[in-house]
A.B. asks: 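My questions all concern the structure below.
Because the structure is predicted, anything quoted here is derived from the model rather than measured. Just so it is clear, the values below take in all heavy atoms, side chains as well, and ignore hydrogens, waters and symmetry mates.
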Amino acid sequence: MARVLVVDSDPAGRAELASCLSSAGFAVAEATSAGEAELSLRETPPHAVVLDMFLRDQSGFAVCRAIRENPDAKDVPILVVTRSTSDLDRILALEAGADDVVVRPFFPRELALRVRALLRRADGERGAPEPPLAHGPITLDPSRRSVLADGGAVALTEIEFALLALLLRRPSHVFTRDEILAEIWPDGAARTPRVVDTHVKGIRRKLGGAAWVLESLHGVGYRLAALPERER
């Protein structure tokens with residue numbers, strides 16, 4: 001049974017989240033603050049975190065960043081819950097390390113489906129291990145869930161990892177933003193193509209000097225850049 005950590009300072013909001021997830025068959029742990037969440041992550045790491053944006057001691061943005069900087073929890077999928085309908089808040093949450101964002105009010109079934117989708121991505125594809133994917137200075141190993149850029153390890157969120165893997169599997173294909181949305185967010189959770197741009201920006205920042213591999217086609221989408229002759 002997958003264990004989900006619910007972090008919400010509001011008792012009613014926390015009870016709502018816990019009830020939705022428990023009814024869907026998840027084992028639920030609860031935290032009322034960022035401090036409690038940090039303790040829970042250290043003592044009994046969950047399979048996923050459902051996090052309210054506004055906590056009594058820290059913002060949800062700060063908690064997302066702290067989880068991504070924690071070597072023992074950096075790969076845990078994070079779903080942020082908020083009452084804000086602002087695209088900017090959604091983008092800021094994703095930039096802070098969230099894998100998905102749900103706006104209140106929501107349908108209980110939607111919340112459970114979003115969490116299951118994140119867990120499926122975290123588990124990776126079952127069956128025979130997929131061989132490493134390489135393009136120039138980047139090597140992505142689906143079975144190990146690892147990424148190297150210029151020989152150095154790169155820590156990506158689950159969504160960033162899935163997006164980069166998508167491009168690497170079809171290096172000559174130009175992916176429109178709508179294609180990426182359909183592949184990475186099949187349930188329509190992302191809603192706006194701007195979310196794709198946000199994740200690509202995050203990947204590029206983490207790739208450092210290898211960021212040139214992700215090429216933008218203005219008004220169209222993204223593809224992998226052609227390699228110089230010396231790297232082919």
A.B. asks: How far does CG of L118 sit from CD1 of I159, to the nearest 0.5 angstrom?
C.D. replies: 6.0 Å

A.B. asks: Side-chain contact test, heavy atoms from C-beta onward, threshold under 4.5 Å: evaluate it for V49 versus P77 and give yes or no.
C.D. replies: no

A.B. asks: Atom CD in Q58, atom CG in L51: separation rounded to 0.5 Å?
C.D. replies: 10.0 Å

A.B. asks: Taking the side chain as C-beta and beyond, is there a heavy-atom pair between L79 and L111 under 4.5 Å?
C.D. replies: yes

A.B. asks: Do the numbers put R114 on top of the ring of F106, so that NZ or CZ is under 6.0 Å from the six-membered ring centre and no more than 45° off the axis?
C.D. replies: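 R114 over F106 ring: no.
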
A.B. asks: Tell me, please, whether F161 has R145 positioned over its six-membered ring: NZ or CZ under 6.0 Å from the ring centre and within 45 degrees of its axis?
C.D. replies: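 Judged by the rule, R145 and F161 form a cation-pi pair.
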
A.B. asks: Just wondering, do P132 and T139 contact through their side chains at under 4.5 Å, heavy atoms?
C.D. replies: yes

A.B. asks: Give a yes-or-no answer on whether the side chains of E95 and H199 include a donor-acceptor pair shorter than 3.5 Å.
C.D. replies: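 Side chains of E95 and H199: no pair found under 3.5 Å.
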
A.B. asks: Where do R204 and S216 land on the side chain to side chain donor-acceptor pair (under 3.5 Å) test, with the steps shown first?
C.D. replies: CA-CA 11 Å; R204 283 174 168 159; S216 301; 2.6 Å; yes

A.B. asks: Apply the side chain to side chain contact (heavy atoms under 4.5 Å, CB included) test between Y222 and each candidate in V196, L217, I203; give the one that qualifies.
C.D. replies: V196

A.B. asks: Is the shortest side-chain N to carboxylate O distance from R104 to D8 below 4.0 Å?
C.D. replies: yes

A.B. asks: Can E160 and K206 be counted as an ion pair, charged N to O under 4.0 angstrom?
C.D. replies: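 Between K206 and E160 there is a salt bridge, with a charged N closer than 4.0 Å to a carboxylate O.
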
A.B. asks: Does D100 come within less than 4.0 Å of R90, counting only side-chain N to carboxylate O?
C.D. replies: no

